[in-house]
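Report on the following structure.
Remember, it's 1-based here, ligands and their atoms both numbered in the order they're listed.
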Amino acid sequence: MIAPIYILEAMKILAIESSCDETAAAVIADGRKVLSSVIASQIDIHAQFGGVVPEVAARSHIEVVIPVIEQALREASTDWNDIDAIAVTRGPGLIGSLLIGTLTAQTLAELKHKPLIGVNHIVAHAFAANLTDTPPSFPMLALTVSGGHTALTLYQDDLSAEIVGETQDDAAGEAFDKVAKLLGLPYPGGPAVSKVAADGNDTAYPFPHAKLRNPLDFSFSGLKTAVLRQVQQITGVNPGDLTIPKSYELEPQVLADIAASFEKTVVDTLVKNTKLAIEQYQPASVVVGGGVAANKRLREELSQAVPGAIFVPPVLCTDNAAMIGALAYQMQKRGRVTSPFELKADSSLEVL
Ligand code: KG4
Ligand code: ZN
């Protein structure tokens, strides 16, 4: 453990994120104020493949990482002298993508003589709540719902974590992406499904809720299969047919009804488990973050079911570097700073 960094003026952290298909950099003051947040999205590149292609993602990170960092410094009206520490996502994520961010951060930390903080991407999705007007208190229950992760986690003041419920198969965002694909909607699936669902009847297709041994756990793979079977039944495609299409063409109203019924099932499950976890653990605060937390319906229903829940602002729900800086600030306050040579990218980094 290295001692915390004491600074009289606002402490400014330059944060870098490159775990998946967004290259991002941000400058954060005192872990609370976003001075700049630059995101170079690769969505257009990957959309043609219907999902993220790891090699393509890594190559694209290499091309833009330095310009993105320079832009973040410029937009925050800072230069290297003003930066007190560098933070970077060290996992989980695609290893090729993570390595571009970590190697860049390690090199810069060494070159500019700055302390380095290696951050867990999933934990950062929850700690993005510090960038709102009401910073959370501990014990903090976090519902983190993203493309690769869905869990209910209880965080204590020392940043220790206990996962109290998690998905046993697909993440919520993954379910949105896969259902979007089979409905012929573009990548990323979440916003696309949500958009067509707005005109649909959410009770048209009562999809099943998974029943699990731990009632706080999640499972979305059965739901995805139920949607597939429903679509095959409507279109008359025989599941045993060798010429099964990858995506199905549906009448606009049927498409909207299926999307709405699917979205309702996912949201109901997330709300139900969150309420149950609150009853069981009585947290001092509840935060909701990760890409799927940008979902309008989830935000509406959870804010009704859990008054006082802190929602990460939609722009900070999907991948960004501001959340990395927010968590890094909390980590350095607790002495969790690494030397540039010790930091290691870890594609399957655990929350705990
Ligand atoms: O947190 P994120 O940007 O990346 C990961 O860490 O995975 O989350 C991306 C996921 C994708 O699966 C995307 O479809 C989903 O978040 N997503 C949404 C919405 N916006 C993004 N899902 C539902 N509704 C949305 N509005
Ligand atoms: Zn993420």
Side-chain angles (χ1 to χ4, degrees), residues 15-24 26 37 39-43 46-47 50-52 54 57 88-94 97-98 101 119-129 142-151 153 166-167 170-183 185-198 200 202 218 220 223-224 259-260 262-271 287-302 311-324 326-327 347-349 351:
I16 302 165
E17 151 67 33
S18 71
S19 65
C20 190
D21 58 345
E22 255 96 35
T23 320
S37 177
I39 304 170
S41 172
Q42 305 175 7
I43 283 180
H46 297 289
V52 178
V88 66
T89 305
R90 76 176 192 91
L94 301 170
S97 293
L98 287 167
V119 171
N120 181 307
H121 177 94
I122 303 298
V123 182
H125 269 305
F127 279 77
L143 171 68
T144 34
V145 270
S146 70
H149 185 90
T150 294
T153 311
E166 65 184 329
T167 183
D170 292 353
E174 193 179 350
F176 268 100
D177 293 339
K178 286 177 176 170
V179 164
K181 208 168 190 174
L182 81 90
L183 295 178
L185 296 170
Y187 169 85
V193 169
S194 199
K195 195 167 166 214
V196 298
D202 63 9
F218 305 91
F220 296 109
L223 169 60
K224 176 194 64 195
F262 162 78
E263 187 181 48
K264 172 187 163 51
T265 312
V266 175
V267 168
D268 284 355
T269 306
L270 296 173
V271 172
V287 311
V288 190
V292 181
N295 184 275
K296 199 162 158 261
R297 181 170 186 153
L298 176 63
R299 297 174 85 87
E300 281 168 6
E301 300 204 2
L302 252 184
F311 290 87
V312 171
V315 283
L316 298 176
C317 280
T318 42
D319 290 348
N320 64 87
M323 66 181 195
I324 305 301
L327 173 57
S347 62
S348 48
L349 184 66
V351 161

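Residues satisfying the ring-ring contact (aromatic ring centres under 6.0 Å, His included) test with Phe218, not counting sequence neighbours, are none. Taking Asp177 as the reference, Tyr187, Pro188 meet the side chain to side chain contact (heavy atoms under 4.5 Å, CB included) condition, with sequence neighbours excluded.
Smallest separation of non-hydrogen atoms from Ala180 and Val193: CB-CG2, 3.7 Å. The minimum heavy-atom distance between Val312 and His125, with the atom names listed, is CG2-O, 3.8 Å. The minimum heavy-atom distance between Pro314 and Arg299, with the atom names listed, is CD-NH2, 3.4 Å. Taking both residues in full, the closest heavy atoms of Val315 and Asn320 are given as O-ND2, 4.3 Å, listed atom of the first, atom of the second, then distance.
Excluding waters, the set of protein N, O or S atoms lying under 2.8 Å from the Zn ion (ligand 2) comprises His121 NE2, His125 NE2, Asp319 OD1.
Using modelled atom types, no side-chain atom of Thr89 and backbone atom of His121 make a donor-acceptor pair closer than 3.5 Å. Side-chain atoms of His149 never come within 3.5 Å of backbone atoms of Ala171 as a donor-acceptor pair (strictly under, hydrogens ignored).
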Tabulating one pair per line, provide the atom names and distances (0.1 Å) for every N/O atom of ligand 1 that is less than 3.5 Å from a protein N/O atom.
unit_1, atom_1, unit_2, atom_2, d
ligand 1, 1 (O), His125, NE2, 3.0
ligand 1, 1 (O), Gly291, N, 3.0
ligand 1, 1 (O), Asp319, OD1, 3.1
ligand 1, 3 (O), Asp319, N, 3.0
ligand 1, 3 (O), Asp319, OD1, 3.3
ligand 1, 4 (O), Asp319, OD1, 3.2
ligand 1, 4 (O), Asp319, OD2, 3.2
ligand 1, 6 (O), His121, NE2, 3.1
ligand 1, 6 (O), Asp319, OD1, 3.3
ligand 1, 7 (O), Gly147, N, 2.8
ligand 1, 7 (O), Gly148, N, 3.4
ligand 1, 8 (O), Gly147, N, 3.4
ligand 1, 12 (O), Gly173, O, 3.1
ligand 1, 12 (O), Asp177, OD1, 3.4
ligand 1, 12 (O), Asp177, OD2, 2.8
ligand 1, 14 (O), Asp177, OD1, 2.7
ligand 1, 14 (O), Gly190, N, 2.9
ligand 1, 20 (N), Gly291, O, 3.4
ligand 1, 24 (N), Asn295, ND2, 3.0

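Aromatic pair Phe176/Phe220: centroids not less than 6.0 angstrom apart.
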